[in-house]
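Notes follow once the structure below has been shown.
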Protein chains: 2
Amino acid sequence: MTVDEVQKEEFELRKRSSLGQVLMKAARLLNEQAIDRVRARTEQDLRPAHTAVFPHIDLEGTRLTVLAARMGMSKQAVGQLVGELEAMEVVERVPDPSDGRAKLVRFCQRDGKLVLFEGLAVLIEFEAELAEQLGRERIDALHAQLTALLDVLEAPQSLTKK
Amino acid sequence: MTVDEVQKEEFELRKRSSLGQVLMKAARLLNEQAIDRVRARTEQDLRPAHTAVFPHIDLEGTRLTVLAARMGMSKQAVGQLVGELEAMEVVERVPDPSDGRAKLVRFCQRDGKLVLFEGLAVLIEFEAELAEQLGRERIDALHAQLTALLDVLEAPQSLTKK
DNA sequence: AAGATAGTCAAGCATGGTTGACCAAATAGT
DNA sequence: ACTATTTGGTCAACCATGCTTGACTATCTT
């Protein structure tokens with residue numbers, strides 16, 4: 001194989017965006033647009049890092065340390081996010097009755113429903129619009145495949161020998 | 001519907017990680033692990049931002065301004081990335097014969113093959129390993145669905161017009 | 001009393017950008 | 001031909017995001 005052929009072949013390989021790049025771009029765009037919507041609707045400076053906290057907060061409330069552990073981050077980092085969410089009145093910190101040191105992070109309530117509800121509705125609406133354009137089954141399949149991919153990526157020493 | 005029921009329903013909705021979050025996490029993990037491999041193998045401080053440049057560099061070389069336009073970034077930002085890639089001897093800047101102001105950014109060559117080749121091989125190998133665990137057809141389907149998603153997200157109808 | 005644990009405060013850092021000022025070469029207007 | 005403007009690129013400063021580590025207080029456990 002000549003030098004030129006090697007170059008051409010490599011060039012084609014490179015041109016076909018890798019899975020990682022497509023993933024990255026899709027994730028960035030999706031998040032940007034979703035966050036834009038939430039911001040436009042709720043007037044709150046909600047950023048991706050904030051939304052990452054939500055799935056880890058139990059309805060009864062969750063301790064900061066537990067959140068940090070679940071998210072695989074330092075408690076200081078989570079503390080900052082929670083602090084910002086508190087300022088937006090999305091979550092609140094209440095003392096943990098079972099431990100004087102601890103506080104429970106939980107969603108604020110207003111008019112008898114969680115404050116988060118509106119913002120969440122926007123996200124669900126956005127996903128619904130995507131489903132409309134792509135087909136619900138494609139979105140579901142995508143979700144399932146991403147989840148499978150996550151399982152592999154998160155498996156201890158599945159691929160990366162550390 | 002009672003307050004409690006509303007809360008429960010919302011809670012379930014929130015708990016099922018949104019597409020965006022799954023996407024984000026998968027993208028982050030995949031990129032981290034891929035970059036780790038490239039770094040381990042090539043001893044170069046290649047970061048995700050760098051790899052994002054590659055698909056936009058033509059084999060003959062491409063001007064910085066063109067790169068910036070293609071990537072939707074400022075030329076200064078691209079200039080920095082290219083500068084770093086130049087220091088790693090991955091790309092080089094050569095004067096554009098057709099314009100005295102311009103320079104062409106192109107891949108370096110060494111031993112008659114592009115320097116990038118090794119790093120690229122690592123990425124391809126990584127994707128192959130993933131395919132082995134998930135099944136090639138799943139990876140391909142994922143790629144296709146992400147591409148379709150990108151098309152929708154990038155459609156001019158989207159609110160973020162640049 | 002001696003840790004361990006929950007949380008906070010403060011500082012700092014890496015990444016990945018941005019904007020503004022500027023220079024030199026190219027091109028257009030007259 | 002010769003300004004005037006546009007264009008390609010660089011330098012420098014700055015910014016937002018999303019973390020980290022270190023030091024510290026209050027409380028709980030043993």
Side-chain angles (χ1 to χ4, degrees), chain A residues 21 24-25 27-29 31-32 34-36 39 44-54 56-57 61-88 91-106, chain B residues 21 24-25 27-29 31-32 34-36 39 44-54 56-57 61-88 91-106 160 162:
Chain A
Q21 292 197 12
M24 248 338 221
K25 195 166 182 183
R28 209 180 30 111
L29 285 176
N31 248 287
E32 266 175 16
I35 294 287
D36 277 354
R39 279 212 258 241
Q44 286 176 337
D45 184 29
L46 195 69
R47 284 173 288 111
H50 295 128
T51 72
V53 185
F54 296 162
H56 303 287
I57 302 178
T62 307
R63 292 186 192 178
L64 193 63
T65 307
V66 174
L67 286 180
R70 286 185 186 167
M71 300 175 66
M73 291 168 45
S74 67
K75 50 186 185 172
Q76 293 95 323
V78 179
Q80 186 179 317
L81 294 176
V82 168
E84 288 164 8
L85 287 169
E86 201 176 18
M88 296 180 216
V91 303
E92 60 189 353
R93 281 182 241 232
V94 297
D96 184 338
S98 72
D99 190 329
R101 300 163 300 178
K103 297 172 193 172
L104 293 176
V105 177
R106 70 178 187 201
Chain B
Q21 292 197 12
M24 248 337 218
K25 196 166 181 183
R28 214 185 24 126
L29 285 175
N31 247 287
E32 267 175 16
I35 294 287
D36 276 355
R39 278 213 260 241
Q44 285 177 338
D45 184 29
L46 195 69
R47 284 173 288 112
H50 295 127
T51 72
V53 185
F54 296 161
H56 303 286
I57 302 178
T62 308
R63 293 185 192 177
L64 193 62
T65 309
V66 174
L67 286 180
R70 286 184 188 169
M71 299 174 66
M73 290 168 45
S74 67
K75 49 188 185 170
Q76 293 93 324
V78 179
Q80 186 179 316
L81 293 175
V82 168
E84 288 163 7
L85 286 169
E86 200 176 19
M88 297 180 216
V91 303
E92 60 189 352
R93 282 182 240 234
V94 298
D96 183 340
S98 71
D99 190 328
R101 301 164 299 176
K103 298 171 191 172
L104 293 176
V105 177
R106 70 177 187 202
T160 33
K162 262 259 160 127

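Keep in mind that what you see is a predicted model, and the values were worked out from it rather than measured. Every chain is numbered from 1, with letters handed out A, B, ... down the list of sequences.
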(message) Using five base pairs at each end to define the local axes, how bent is the helix from dA1(C)-dT30(D) to dT30(C)-dA1(D), to the nearest 10°?
(response)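 For the helix from dA1(C)-dT30(D) to dT30(C)-dA1(D), the axes at either end differ by 10°.
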(message) Quick check for you: among dC28(D), dG7(C), dG8(D), whose closest atom lies nearest to any side-chain atom of Asp99(A)?
(response)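 That would be dC28(D).
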(message) Quick check: closest heavy atoms across Gln44(A) and Met88(A), and the distance to 0.1 Å?
(response)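 Closest pair (atom of Gln44(A), atom of Met88(A), distance): NE2-O, 2.6 Å.
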(message) Determine whether Leu46(A) and Leu85(A) satisfy the following criterion, side-chain contact (heavy atoms from CB on, under 4.5 Å), listing intermediate values before the conclusion.
(response) CA-CA 8 Å; Leu46(A) 195 69; Leu85(A) 287 169; 3.8 Å; yes
(message) Is Thr65(B) close enough to dG9(D) that one of its side-chain N or O atoms is under 4.0 Å from OP1 or OP2 there?
(response)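 Yes, such a contact exists.
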[Y] and [X], any side-chain heavy atoms less than 4.5 Å apart:
X         : Y         : value
Leu64(B)  : Lys103(B) : no
Met71(B)  : Val53(B)  : yes
Val105(A) : Val66(A)  : no

N/O-N/O pairs, protein side and nucleotides 11-17 of chain C side, under 3.5 Å:
residue : atom : partner  : partner atom : Å
dG16(C) : OP2  : Arg47(B) : NH1          : 2.6

(message) Would the distance check show the side chain of Arg70(A) and the main-chain N or O of His56(A) forming a donor-acceptor pair, the cut-off being under 3.5 Å?
(response)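 Side chain of Arg70(A) to backbone of His56(A), a donor-acceptor pair under 3.5 Å: yes, one is there.
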Between protein and nucleic acid, restricted to nucleotides 20-24 of chain C and to nitrogen or oxygen atoms under 3.5 Å apart, what atom pairs and distances do you find?
residue : atom : partner  : partner atom : Å
dG20(C) : O6   : Gln76(B) : NE2          : 2.6

Rounding to a whole Å, what distance do you find between [X]:[atom1] and [N]:[atom2]?
X        : N       : atom1 : atom2 : answer
Leu67(A) : dA6(C)  : CG    : C1'   : 12 Å
Arg63(A) : dC28(D) : CZ    : C1'   : 10 Å
Leu46(A) : dA16(D) : CG    : C1'   : 15 Å
Glu84(A) : dT17(D) : CD    : P     : 9 Å
Glu86(A) : dC9(C)  : CD    : P     : 10 Å
Lys25(B) : dC19(D) : NZ    : P     : 12 Å
Ile35(A) : dA16(D) : CD1   : C1'   : 14 Å
Asp96(A) : dT27(D) : CG    : P     : 14 Å

(request) Assign Gly100(B) to base, sugar-phosphate, or nothing according to its heavy-atom contacts below 4.0 angstrom with the strands shown. (result)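 Counting heavy atoms under 4.0 Å across all strands, the contact made by Gly100(B) is with sugar-phosphate only.
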